[in-house]
Amino acid sequence: MNHYMTKEICDRLYYAMRKKNVTSNYLCKVLNINYVDFFDGMTGKHPFYNKWQRKVADALGTTREELFPEFCSSNLRDRPTPQK
C-alpha cells in the first residue's frame, strides 16, 4: 500500500496541528523519531507508516480515518486477497 503523503494530506495535517496548537517537535517526540524523518515523511520522501498515522491522530484527538482517509479507504481494505 502506498503510504506517501501528498500535499493535500500534509495540508490537512498541518491545519489540524494548528487547530490543536501542536508543534511538529511535539509530534516527533510522540512518534519517537527525529525531525529529519518526520520532514521526509511529510514531503513524500519517506512513507508515513500506519503506526505513525495512529499516534499522530491520537495526539491530535482525532481518528486516523478522519485525518488520513486516503490511507483508510474501504476500497483498499476490502480488496480480495490474491490467490496462490
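- Under the side-chain contact (heavy atoms from CB on, under 4.5 Å) criterion, Thr6 pairs with Glu8, Ile9, not counting sequence neighbours.
- The ring pair (Phe, Tyr, Trp, His ring centres under 6.0 Å) analysis of residues 10-38, with sequence neighbours excluded, yields no pairs.
- Under the 4.5 Å side-chain heavy-atom criterion for Ile, Leu, Val, Met, Phe, Trp and Tyr, Phe39 and Val30 are members of the same hydrophobic cluster.
- Taking CG of Leu27 as the reference point, atom CG of Leu13 lies at 6.5 Å (rounded to 0.5 Å).
- Once rounded to the nearest 0.5 Å, the distance linking SG of Cys72 with CG of Asn50 reads 7.5 Å.
- Take Asn32 and apply the side-chain contact (heavy atoms from CB on, under 4.5 Å) test, not counting sequence neighbours, and it matches no residue.
- Going from atom SG of Cys28 over to atom CH2 of Trp52 covers 9.0 Å, rounded to the nearest 0.5 Å.
- Gln53 contributes a side-chain N or O that, together with a main-chain N or O of Phe48, makes up a donor-acceptor pair within less than 3.5 Å.
- The salt bridge (charged side-chain N to carboxylate O under 4.0 Å, His left out) pairs that include a residue from residues 10-33 are Lys7-Asp11, Arg12-Glu70, where partners are two or more places apart or lie in different chains.
- Identified under the side-chain hydrogen bond (donor to acceptor under 3.5 Å, both in side chains) test for residues 37-49, with sequence neighbours left out: none.
- Residues Phe71 and Met5 meet the side-chain proximity criterion, which asks for heavy atoms closer than 4.5 Å.
- Taking all atoms of both residues into account, the shortest heavy-atom contact from Leu67 to Ala57 is CD2-CA, 4.1 Å.
- Separating the CZ atom in Arg54 from the CZ atom in Arg64 is a distance of 6.5 Å, to the nearest 0.5 Å.
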